[in-house]
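The structure appears right after this line, and notes come after that.
One-based numbering, in listed order, for ligands and for the atoms of each. What you are looking at is a predicted structure, and each value in this text was computed from that prediction instead of being measured.
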Amino acid sequence: MKRHPALQPFSRDHNVGLVFARRIERGDAVAEEFAKLWAEELDAHFRDEEALLGPLVGDDTRNRLVAEHRAIRELAESVATADLGRLGRLLDAHIRWEERELFPAIEASASEAELAALGRRTTVIEATRSSSTWAPRRGELNRSRQQNSTD
Ligand SMILES: [Fe+2]
Ligand SMILES: [Fe+2]
């Protein structure tokens, strides 16, 4: 099923995370680089998900979201000495859970009004990261989507 537009900015962030997790797996990523990804994108992504998606799900799901973020955050904040392989595996598994379970659950349970409000927020959030070095085409894609939506 196609991802609801309100969640697509988060899903596009997930592509960046999955690419990085795969690089860790290949031994092709270093701690300093992860620290940069964390500071520039992931930390904010986690906070935005908790703030915007937390209210849309039940207690168990919200607890899992926050607990998985906390486990990754702990490693990310001590990445120089952390087990980078474990960090990559946790990140990969977390993103897959969100894409396979969390996002479909929200698409099924949230009202149209909730999804519309979510979409307004995620569009603004993504626009603030238009010049990201992690997703070089993000700015260009943002502009073309905005163009299409006003056509
Ligand atoms: Fe997350
Ligand atoms: Fe996420």
Side-chain angles (χ1 to χ4, degrees), residues 1-26 28-79 82-112 114-142 145-146:
M1 198 181 95
K2 199 172 176 323
R3 185 62 67 228
H4 191 283
L7 288 162
Q8 284 177 14
F10 285 143
S11 288
R12 284 189 282 273
D13 287 351
H14 289 168
N15 291 334
V16 174
L18 287 174
V19 166
F20 200 91
R22 230 170 283 137
R23 286 184 51 209
I24 291 176
E25 217 173 292
R26 287 202 307 263
D28 175 30
V30 293
E32 299 87 84
E33 221 186 335
F34 187 89
K36 197 163 147 32
L37 175 65
W38 175 257
E40 292 178 0
E41 305 237 332
L42 277 183
D43 186 21
H45 174 95
F46 282 16
R47 289 171 199 275
D48 292 337
E49 282 180 339
E50 289 175 20
L52 299 178
L53 306 183
L56 299 177
V57 299
D59 288 349
D60 288 353
T61 304
R62 184 167 52 252
N63 290 342
R64 177 170 177 176
L65 177 73
V66 171
E68 291 191 4
H69 283 176
R70 191 185 306 127
I72 295 168
R73 176 171 281 117
E74 274 170 16
L75 291 172
E77 287 176 349
S78 57
V79 71
D83 177 346
L84 204 56
R86 178 172 146 75
L87 179 54
R89 286 190 298 278
L90 287 181
L91 181 63
D92 185 90
H94 174 67
I95 291 172
R96 288 177 196 284
W97 170 70
E98 290 185 337
E99 288 292 334
R100 288 175 186 167
E101 295 181 42
L102 176 66
F103 287 10
I106 290 170
E107 287 164 339
S109 67
S111 68
E112 273 312 309
E114 285 171 328
L115 289 169
L118 175 65
R120 286 191 290 276
R121 300 288 298 276
T122 55
T123 301
V124 170
I125 287 166
E126 190 171 49
T128 65
R129 295 205 288 266
S130 275
S131 56
S132 168
T133 54
W134 299 98
R137 295 193 62 235
R138 186 183 283 154
E140 189 189 317
L141 292 169
N142 279 344
R145 270 192 300 273
Q146 271 157 22

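- Between Glu68 and Arg64, at least one side-chain N (NZ, or NE/NH1/NH2) sits under 4.0 Å from a carboxylate O, which counts as a salt bridge.
- Looking only at protein N/O/S atoms, the ones less than 2.8 Å from the Fe ion (ligand 1) make 4 in total.
- With sequence neighbours left out, the side chain to side chain contact (heavy atoms under 4.5 Å, CB included) criterion links Ser109 to no other residue.
- Residues passing the side chain to side chain contact (heavy atoms under 4.5 Å, CB included) test with Leu18, sequence neighbours excluded: Arg22, Asp92, Ile95, Arg96.
- Contact detail for Glu41 and Ser132: the closest heavy-atom pair is OE2-OG, 2.6 Å.
- Qualifying ring-ring contact (aromatic ring centres under 6.0 Å, His included) partners for Phe103, counting only residues two or more places apart in sequence or in other chains: His14.
- Atom NE2 is the N/O/S atom of His14 found closest to the Fe ion (ligand 2).
- Salt-bridge formation is not detected for the pair Glu40/Arg129: no Lys NZ or Arg NE/NH1/NH2 atom is positioned less than 4.0 Å from an Asp or Glu carboxylate oxygen.
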